[in-house]
Chemist: 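Below you'll find the structure I mean.
Since this is a predicted model, take the numbers as computed values, not measurements. What's counted below: heavy atoms across the whole structure, side chains too, no hydrogens, waters or symmetry copies. Every chain is numbered from 1 and lettered A, B, ... according to where its sequence line falls, protein lines coming before strand lines.
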Protein chains: 2
Amino acid sequence: MNNSNYSDNQKITVAIDCVIFGFDSEKLNLLLFKRKVNPFKGSWSLIGEVLENDLSLDESANEILFKLTGLENIYLKQLKTYGELNRDPAERVISIVYFSLIRVDELLLKEIENKDAKWFALNDVPELILDHSDMVKDSIVELRNMAKDQPLGFELLPKLFTLPQLQTLYECIYNTKFDSRNFRKKILSLNVLEKTNLKDKSTSRKGAFLFGFKENISDDNQKNSDTYNTKDVFQF
Amino acid sequence: MNNSNYSDNQKITVAIDCVIFGFDSEKLNLLLFKRKVNPFKGSWSLIGEVLENDLSLDESANEILFKLTGLENIYLKQLKTYGELNRDPAERVISIVYFSLIRVDELLLKEIENKDAKWFALNDVPELILDHSDMVKDSIVELRNMAKDQPLGFELLPKLFTLPQLQTLYECIYNTKFDSRNFRKKILSLNVLEKTNLKDKSTSRKGAFLFGFKENISDDNQKNSDTYNTKDVFQF
DNA sequence: CCAAAAGTGTTAAGCATACACCCATGC
DNA sequence: GCATGGGTGTATGCTTAACACTTTTGG
């Protein structure tokens with residue numbers, strides 16, 4: 001009973017789950033959490049809990065992520081809501097799923113692992129509870145869609161990165177290889193990256209220039225949303 | 001109190017709302033419903049109600065749409081879930097939004113209007129309650145995204161249509177005009193439409209050929225999802 | 001025979017692809 | 001001086017954009 005204007009007898013629990021991808025300059029990883037409640041206590045699951053009464057969906061997702069992993073100020077994007085009838089054997093639960101892609105560095109790596117959370121290489125993920133594998137699969141599809149439209153901001157954005165790193169990230173997301181000349185041509189033609197004079201020498205003797213995102217995105221690459229041509233419309 | 005394993009005190013109502021666009025060969029329309037409950041009783045709203053305990057999200061969306069409008073067997077796609085804290089002044093409600101694009105014909109038009117539902121031209125929609133206008137705006141964005149990837153199946157699919165009609169539909173969705181020669185070239189090159197020998201003479205003396213979707217989509221236009229090139233990845 | 005909408009083809013420009021070598025540096 | 005990864009240019013083919021006239025037929 002929830003004593004509601006709209007429904008006196010709705011018995012549905014609302015939960016939030018977070019799919020957190022981490023890029024470590026080499027491969028994509030997935031952040032999992034050792035579940036603390038029954039059923040499936042002790043199994044690996046996405047980062048999730050029930051929705052708080054007094055937090056918006058976005059706020060609650062951030063809060064849960066912080067509580068379970070210590071990660072803070074991460075941009076989380078809503079993916080979709082899962083609500084099959086028996087997706088959770090214990091009771092009727094619908095889950096609103098968020099996802100993000102962040103950069104994993106050493107520091108972050110240890111901090112997180114103190115908290116019963118653990119990074120797994122994406123192609124070495126253990127069996128997940130409930131429909132969590134679907135959530136991960138759907139997130140990857142969405143990740144690919146998003147990477148099309150913006151040169152992958154996410155939480156990589158604040159940091160500087162090299163073009164070979166960015167290319168590796170794209171290759172991980174799409175699970176393929178790109179020609180480096182074409183990749184650079186394309187990504188630079190977007191006019192959103194800014195070269196710095198700094199070099200990252202951690203992966204080669206020659207070193208690779210670091211890039212950041214441009215501040216003023218106010219440029220000619222802004223599209224007037226009232227004009228479309230057939231090229232904009234059909235993109236296969 | 002909902003007597004749950006996971007949470008004893010969650011007080012959140014879950015609702016479903018449907019954004020139904022209707023194309024009448026000329027323009028896009030939006031289906032609205034005169035709200036039957038307080039607050040805002042009598043105002044125009046999207047088609048929505050609380051989620052049923054024993055229906056999945058998809059099922060409940062279909063059921064609500066049927067109950068309030070008589071529309072049946074409509075493909076509904078989940079858009080996203082709205083959950084700001086005070087989006088509904090009466091109580092905490094989160095709303096899972098679905099949308100669809102259907103074909104409006106005469107018959108449908110009258111049937112629906114017997115039910116307190118009404119079609120409004122998209123650029124002549126009355127003020128909507130709560131955050132329903134956001135839902136409509138977001139649906140249009142999603143509609144545009146989807147129209148890119150498939151030549152607009154939705155509920156137009158089962159019927160035959162002429163290319164000028166299809167072009168008009170696209171022009172409505174994108175709110176622009178296309179060159180008919182380029183539009184036809186492009187859409188036919190996709191190899192998913194099949195010309196019939198039938199002509200629709202309702203809009204011209206000459207008549208326009210009717211097309212349908214091909215049955216066997218098994219063709220060379222199927223993309224192997226494990227191969228990508230820069231063109232697939234960056235689509236601006 | 002005329003009005004009104006359907007249907008068609010070509011050219012030029014831009015973009016994606018494929019492909020191979022030089023560069024800078026630390027050791 | 002050499003091994004390693006970073007960085008660059010060009011020719012070819014494909015896709016898109018721009019553009020105007022002919023066809024059909026009911027009245």
Chemist: Check the surroundings of atom NZ in B/K67: do more than 12 heavy atoms from other residues, nucleotides or ligands lie under 6.0 Å from it?
Modeler: no

Chemist: Can A/S56 and A/D58 be said to form a side-chain hydrogen bond (donor to acceptor under 3.5 Å, both in side chains), step by step?
Modeler: CA-CA 5 Å; A/S56 75; A/D58 294 358; 5.4 Å; no

Chemist: Whole angstroms only, please: what is the CG-P distance between B/L188 and C/dA6?
Modeler: 15 Å

Chemist: Separation of A/L163 atom CG from D/dG5 atom C1', in whole Å?
Modeler: 14 Å

Chemist: For every nucleotide of nucleotides 19-27 of chain D, 5' to 3': is a protein heavy atom under 4.0 Å from its base (B), only from its sugar-phosphate (S), or from neither (-)?
Modeler: BB--BBBB-

Chemist: Would you mind reading off the distance between A/F209 atom CZ and C/dT25 atom P, rounded to a whole angstrom?
Modeler: 9 Å

Chemist: Flag yes if more than 12 heavy atoms outside B/K34 fall under 6.0 Å of its NZ atom; otherwise flag no.
Modeler: no

Chemist: Listing request: all salt bridge (charged side-chain N to carboxylate O under 4.0 Å, His left out) pairs with a residue in residues 17-27 of chain B, at least two apart in sequence or in separate chains.
Modeler: B/D24-B/K27

Chemist: List for me each residue that meets salt bridge (charged side-chain N to carboxylate O under 4.0 Å, His left out) alongside B/D138, sequence neighbours excluded, and say none if there are none.
Modeler: none

Chemist: Just how far, in rounded Å, is P of C/dA5 from CD of B/Q165?
Modeler: 14 Å

Chemist: Would you say A/K186 places a side-chain N or O within less than 4.0 Å of OP1 or OP2 belonging to C/dA16?
Modeler: yes

Chemist: Would you mind reading off the distance between A/D200 atom CG and D/dG5 atom P, rounded to a whole angstrom?
Modeler: 13 Å

Chemist: Between A/F183 (CZ) and C/dT17 (P), how many Å, whole number?
Modeler: 13 Å

Chemist: How many whole angstroms separate atom NZ of B/K177 from atom P of C/dA5?
Modeler: 12 Å

Chemist: Could you work out, with side chain to side chain contact (heavy atoms under 4.5 Å, CB included) as the rule, every residue matching A/T81, not counting sequence neighbours?
Modeler: A/Q78, A/I94, A/I96, B/L57, B/Q78, B/T81, B/I96

Chemist: Please round to 10 degrees the angle between the axis of the first five pairs and the axis of the last five pairs in the helix from C/dC1-D/dG27 to C/dC27-D/dG1.
Modeler: 0°

Chemist: Identify the residue among B/L30, B/L65, B/L101 that makes a side chain to side chain contact (heavy atoms under 4.5 Å, CB included) with B/I20.
Modeler: B/L65

Chemist: Where do B/R184 and B/P164 come nearest, in terms of heavy atoms and distance?
Modeler: NH1-CD, 4.2 Å

Chemist: Figure out the CD1/P separation between A/I187 and C/dC15, and round it to whole Å.
Modeler: 16 Å

Chemist: Please list, chain by chain and in numerical order, all residues satisfying ring pair (Phe, Tyr, Trp, His ring centres under 6.0 Å) with A/F66, sequence neighbours excluded.
Modeler: none

